[in-house]
Protein chains: 2
Amino acid sequence: MKLTSRGRYAVMALVDLARFDNINPVSLRDISLRQGISLDYLEQIFSKLRKKEIVQSVRGTQGGYVLNKKAKEIKLTNIFDAVDEKVKTVQCKKDSKKGCNGKPVKCLTHNLWDELENHINNFFSEKSLEDLVKDNSDRRV
Amino acid sequence: MKLTSRGRYAVMALVDLARFDNINPVSLRDISLRQGISLDYLEQIFSKLRKKEIVQSVRGTQGGYVLNKKAKEIKLTNIFDAVDEKVKTVQCKKDSKKGCNGKPVKCLTHNLWDELENHINNFFSEKSLEDLVKDNSDRRV
DNA sequence: TATAAACCTGACTGATATAGTCAAGTATCT
DNA sequence: AGATACTTGACTATATCAGTCAGGTTTATA
């Protein structure tokens, strides 16, 4: 059970962005340098974030990205959702009438994984970008 | 973020085992048939479970596997641990003095992932095999 | 004591997804 | 005009998973 870099980077970059957002658009180049994430990869990630209206882009010199909502309103769920970081505990199709493992019944552990998924998703939907910014408010860099 | 089949199968098989354990050792062949899991794969998984003393093997005809502890005492943590299903949210080394991403400081989201890991591990360490057996006590198969 | 059931082990493989890189753009501020 | 920065899509190396396969060893029982 592993979180992918894409999801981690997305959150990391957005926290970075949120911390500087007050003044000017933040360029991906800066984020790349500060966070040690490949610029090309960041571009892929931000393309997704923009499509899901989590950030807005500002083109041209001195351009960059700006949050599209208040940090408080951006939950981790939204971010993960945007970059296709999914919590997948079960292979069985959730709403289908079919069971798991090709059998016509639910497997012995089906409810368990559902429960786990909810458990994790709750965590994600409670945490906002603002929370994370606050967590780091005492840092200089 | 995905749970692997290995972890899922391990739990599934152990629940199956726990339900029949009362009388005789349960053969992997039976579990394979009932749960639709490849026998060869099950053998790999049970080899690990045995090494971690979660099950005991009984060789020879009419042999099979038996739980090595009470179902109540076997937590999901133990099972996942045995089959190397790890919860890995961070790449940064946990106890090292080094930070993340090759930088000398913790990344902006380090605490978050730690928190998430704990959140998930709590879930796993609370659930026991017995709980899962009870969840399925109304089933015939 | 032979034999078959069942455990045991290790090597191998196809498929898939991730984590990037690379290249060739387009838009826009100064 | 030109630099800066976004935008897009194709490409690729690597790793891991999920599972197969082959060749064992052990032991209960007939």
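The sequence lines fix the lettering, A, B, ..., with proteins before strands; numbering per chain opens at 1.
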Between [X] and [N], does any side-chain N or O lie under 4.0 Å from OP1 or OP2?
X        : N       : value
Ser5(A)  : dA19(C) : yes
Ser27(A) : dC6(D)  : no
Tyr9(A)  : dG20(C) : yes
Arg50(A) : dT8(D)  : yes
Ser47(A) : dT7(D)  : no

Nearest-nucleotide comparison on DNA chain D, the residue closer to the 5′ end among Val26(A) and Leu3(B):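 The answer here is Val26(A).
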Which nucleotide wins on minimum distance to the side chain of [X], given the candidates [options]?
X        : options                   : result
Tyr41(B) : dC17(D), dG19(D), dT28(C) : dG19(D)
Ser57(A) : dA6(C), dC6(D), dG19(D)   : dC6(D)
Glu43(A) : dC7(C), dT7(D), dA19(C)   : dT7(D)
Lys51(B) : dT9(C), dC6(D), dT21(C)   : dT9(C)
Gln44(A) : dT20(D), dA19(C), dA10(D) : dA10(D)
Tyr65(B) : dC8(C), dA18(D), dT21(C)  : dC8(C)
Thr61(A) : dA3(D), dA19(C), dA5(C)   : dA3(D)

Using atom [atom1] of [X] as one end and atom [atom2] of [N] as the other, report the distance to the nearest whole Å.
X        : N       : atom1 : atom2 : answer
Lys2(A)  : dT14(D) : NZ    : P     : 16 Å
Ile45(B) : dT20(D) : CD1   : P     : 12 Å
Lys48(B) : dC8(C)  : NZ    : P     : 15 Å
Leu42(A) : dT8(D)  : CG    : P     : 16 Å
Asp40(B) : dT9(C)  : CG    : P     : 14 Å
Arg6(B)  : dG19(D) : CZ    : P     : 11 Å
Gln62(B) : dT3(C)  : CD    : P     : 19 Å
Arg8(A)  : dT18(C) : CZ    : P     : 13 Å

If you apply the rule side chain to side chain contact (heavy atoms under 4.5 Å, CB included), what do you find for Glu115(B) with Phe123(A), and how did you get there? CA-CA 9 Å; Glu115(B) 228 180 292; Phe123(A) 181 88; 3.9 Å; yes
With a cut-off of 6.0 Å (strictly less than), are more than 12 heavy atoms of other residues, nucleotides or ligands near CD of Glu53(B)?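 At most 12 heavy atoms, drawn from other residues, nucleotides or ligands, come within 6.0 Å of this atom.
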Could you tell me whether a side-chain N or O of Asp131(B) sits under 3.5 Å from a main-chain N or O of Ser128(B), the two making a donor and an acceptor?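 Judged by distance alone, yes, a pair lies under 3.5 Å.
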Does the side chain of Arg50(B) pick up a donor-acceptor pair with the side chain of Ser47(B) at under 3.5 Å?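 Per modelled atom types, Arg50(B) and Ser47(B) side chains form no pair under 3.5 Å.
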Where is the tightest heavy-atom contact between Ala10(A) and Val83(A), given as atom of each residue plus distance?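 For Ala10(A) and Val83(A), the tightest heavy-atom pair comes out as CB-CG1, 3.9 Å.
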side-chain contact (heavy atoms from CB on, under 4.5 Å), paired with Leu49(A), selected from Asn68(A), Leu67(A), Ile54(A):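 Of Asn68(A), Leu67(A), Ile54(A), side-chain contact (heavy atoms from CB on, under 4.5 Å) with Leu49(A) is met by Ile54(A) alone.
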